[in-house]
Colleague: 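Sharing a structure with you now.
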There are 2 protein chains.
Amino acid sequence: MAKPNIPDIVVSRLPLYLQTLNHLLREGEEVISSEELSEQVGIPAVQIRKDLSYFGGFGVKGKGYDIIHLIDSLRSILNLNQIWPMVIVGVGNLGQALIRYQGFARQGFEIVLALDINPKIIGTEIAGIVVQDVGLMESELKRSDIRIALLTVPANAAQSTADALVANGIKAILNYAPIILKLPEGVRVANIDPVLKLEHLTYYLS
Amino acid sequence: MAKPNIPDIVVSRLPLYLQTLNHLLREGEEVISSEELSEQVGIPAVQIRKDLSYFGGFGVKGKGYDIIHLIDSLRSILNLNQIWPMVIVGVGNLGQALIRYQGFARQGFEIVLALDINPKIIGTEIAGIVVQDVGLMESELKRSDIRIALLTVPANAAQSTADALVANGIKAILNYAPIILKLPEGVRVANIDPVLKLEHLTYYLS
DNA sequence: AGAAACTTGTGATTTCAATCACAACTATTA
DNA sequence: TAATAGTTGTGATTGAAATCACAAGTTTCT
């Protein structure tokens, strides 16, 4: 349903708004102006309004935005009115930490399949998930509707693993390996590499 | 020494170039053209050249870039010709995984201090680091030259912990908590929140 | 040696995102 | 009720980043 004419950079800010609105809701707020939201989220009010206006008019002039309604709208826009099952490949230190991380499930993302190549790890249970042999990727993915993968394998295995995931129907990859994946059109990748962020930070340190 | 006139978005791409150049060097390459680098890194060749030209002329016309020389230059620009000691606050699942992660040290970032508030975790040793009481933050940071912090505490403790870190001389924070930190000018924050990235991805899924 | 191919570095141009400015509407105050 | 203050949504404008186009230099080929 994603209208292709909306700038990606606009889409990228919506989750941020949603996160902040959820905080405000938990604090008991019911209505918020773009100006107040701006202070919380650190983005100019006019930009928030313009971003939202790509998708419709969610506010009331003179009043502001109904938080519950805006949260609902954003969740709908971002396709979050469903549980997204995910596979994780690579159950090392980081993979285990991600399987145990509560924040995914809290926002509707559930790791339902964990794969690894290491015989010592295969068969172990982590937070209710039994790690499977990565060789079972095809059969396990075939009988599921998993479209999102977390990639936490070593850098030298990342590209081939990503290729295999895509060959088995994965459409979005959250890549934790410190390499740039080359994937076909239609597959979306988001990279999480703390070292790149640190190197960006050190530019500004002295 | 960061020239303040260089766009931050340009700076943010330099670590990516550095990462890819390191891969190429390991594969035995010695010289590379911006066009070849472009294919590896997924950024247009002319943009790479323009980015680099902010800092000087590193290439040779008709030939390309000497990889070793360009790596050296980028490392110098990004202040990577030193070991950066770091503190991590919050030694839960994620914190432990980050302490064990080899990728930091490999690029010159070393976690030298780990703090937590949980008595069951304080005193335990992880990858050679003994976890200290977070109450010792002031004294431990005072006698160190740590300027970078990894923040891996729960969301509700993140702001106050960040404030304490800044009060004790921390100038850069890699924030893993799913909230937006409000910090004074001069302190730089980079956020790592996989949920935001996932929510961005799902926009494009059906 | 001369010609052709290759590649960088950058001023000029184009494209895209951010900001401004304000009409339209709502709520509040006197 | 009328006047004032508050707020959204958006066309117009500005600003910044990406791209184009090409001069200048290097290498390779004949």
Side-chain angles (χ1 to χ4, degrees), chain A residues 2-18 20-21 24 29-74 77 180 200 203, chain B residues 2-18 20-21 24 29-74 77 180 200 203:
Chain A
K3 292 129 192 164
N5 48 327
I6 292 169
D8 184 64
I9 195 157
V10 170
V11 178
S12 75
R13 284 190 291 260
L14 301 185
L16 213 52
Y17 303 154
L18 180 58
T20 303
L21 289 164
L24 290 164
E29 302 291 326
E30 294 185 355
V31 174
I32 194 161
S33 70
S34 61
E35 200 58 61
E36 292 169 302
L37 183 55
S38 166
E39 282 166 34
Q40 296 293 318
V41 83
I43 289 174
V46 67
Q47 188 166 57
I48 295 173
R49 295 202 302 277
K50 182 142 260 201
D51 285 352
L52 296 177
S53 78
Y54 278 100
F55 303 93
F58 302 109
V60 178
K61 290 174 184 181
K63 197 176 174 193
Y65 298 87
D66 179 276
I67 291 179
I68 288 180
H69 177 238
L70 188 50
I71 287 174
D72 276 356
S73 302
L74 288 172
I77 291 165
I180 295 164
H200 185 185
Y203 175 81
Chain B
K3 293 129 192 165
N5 49 327
I6 293 170
D8 183 65
I9 196 158
V10 170
V11 178
S12 75
R13 283 190 290 261
L14 302 185
L16 213 53
Y17 303 153
L18 180 57
T20 303
L21 289 164
L24 290 164
E29 302 291 325
E30 294 186 354
V31 174
I32 193 162
S33 70
S34 61
E35 200 58 61
E36 292 169 302
L37 183 54
S38 168
E39 283 167 34
Q40 297 292 318
V41 83
I43 289 173
V46 66
Q47 188 166 59
I48 295 173
R49 295 202 301 276
K50 184 143 258 200
D51 285 351
L52 295 177
S53 78
Y54 278 99
F55 303 93
F58 302 110
V60 179
K61 291 174 184 180
K63 195 176 174 193
Y65 297 88
D66 180 277
I67 291 180
I68 289 180
H69 177 238
L70 187 50
I71 287 174
D72 277 355
S73 301
L74 288 172
I77 291 165
I180 295 164
H200 185 185
Y203 174 81

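Lettering follows sequence order; numbering is per chain, from 1. It should be emphasised that the depicted structure is a prediction, and the values quoted were computed from it without experimental measurement.
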Colleague: Starting from the 5' end of DNA chain C, give me the residue, Gly56(B) or Arg49(A), whose nearest nucleotide shows up first.
Modeller: Gly56(B)

Colleague: Quick check: are there more than 12 heavy atoms from other residues, nucleotides or ligands sitting under 6.0 Å from CD of Glu30(A)?
Modeller: no

Colleague: Where each residue is assigned the nucleotide of DNA chain C containing its nearest heavy atom, which of Val60(A) and Ser34(B) is assigned the position nearer the 5′ end?
Modeller: Ser34(B)

Colleague: Quick one: CD1 on Ile180(B) to CD1 on Ile43(A), what's the gap to the nearest 0.5 Å?
Modeller: 7.0 Å

Colleague: Between atom CG in Leu37(B) and atom C1' in dC6(C), what is the gap in whole Å?
Modeller: 17 Å

Colleague: Can you tell me which nucleotide in dA27(C), dG9(C), dA18(C) comes closest to the side chain of Gln47(A)?
Modeller: dA18(C)

Colleague: When rounded to the nearest 0.5 angstrom, what is the spacing between CG in Leu37(B) and OH in Tyr17(B)?
Modeller: 7.5 Å

Colleague: Lys50(B) NZ to dT13(C) P: how many Å, rounded?
Modeller: 13 Å

Colleague: Using atom CD1 of Ile9(A) as one end and atom C1' of dA18(C) as the other, report the distance to the nearest whole Å.
Modeller: 10 Å

Colleague: Whole-Å distance between dT19(C) P and Glu35(A) CD?
Modeller: 13 Å

Colleague: Using modelled atom types and a 3.5 Å cut-off, is there a donor and acceptor pairing between side-chain atoms of Gln47(B) and backbone atoms of Pro44(B)?
Modeller: no

Colleague: Quick one: Ile48(A) CD1 to dT19(C) C1', roughly how many Å, whole number?
Modeller: 14 Å

Colleague: Reckon Val46(B) touches a base, only the sugar-phosphate, or nothing at all at heavy-atom distances under 4.0 Å?
Modeller: base

Colleague: Would you check if Asp8(A) and Tyr203(B) make a side-chain contact, meaning some heavy-atom pair closer than 4.5 Å?
Modeller: no

Colleague: Going 5' to 3' along DNA chain D, which are the first and last nucleotides with any atom under 4.0 Å from a heavy atom of chain B?
Modeller: dA17(D) to dT27(D)

Colleague: Within this structure, what is the CD1-OG distance for the pair Ile48(B) and Ser34(B), rounded to the nearest 0.5 Å?
Modeller: 6.5 Å

Colleague: Starting at atom CG of Leu52(B), determine the distance to atom P of dT8(C), rounded to an integer number of angstrom.
Modeller: 10 Å

Colleague: Pair up each side-chain donor or acceptor in residues 61-74 of chain B with any protein partner under 3.5 Å, not counting sequence neighbours, and list the distances.
Modeller:
| from | atom 1 | to | atom 2 | distance (Å) |
| --- | --- | --- | --- | --- |
| Asp66(B) | OD1 | Ile68(B) | N | 3.3 |
| Asp66(B) | OD1 | His69(B) | N | 2.8 |
| Ser73(B) | OG | His69(B) | O | 2.9 |

Colleague: Quick one: Ile6(A) CD1 to dA17(C) P, roughly how many Å, whole number?
Modeller: 12 Å

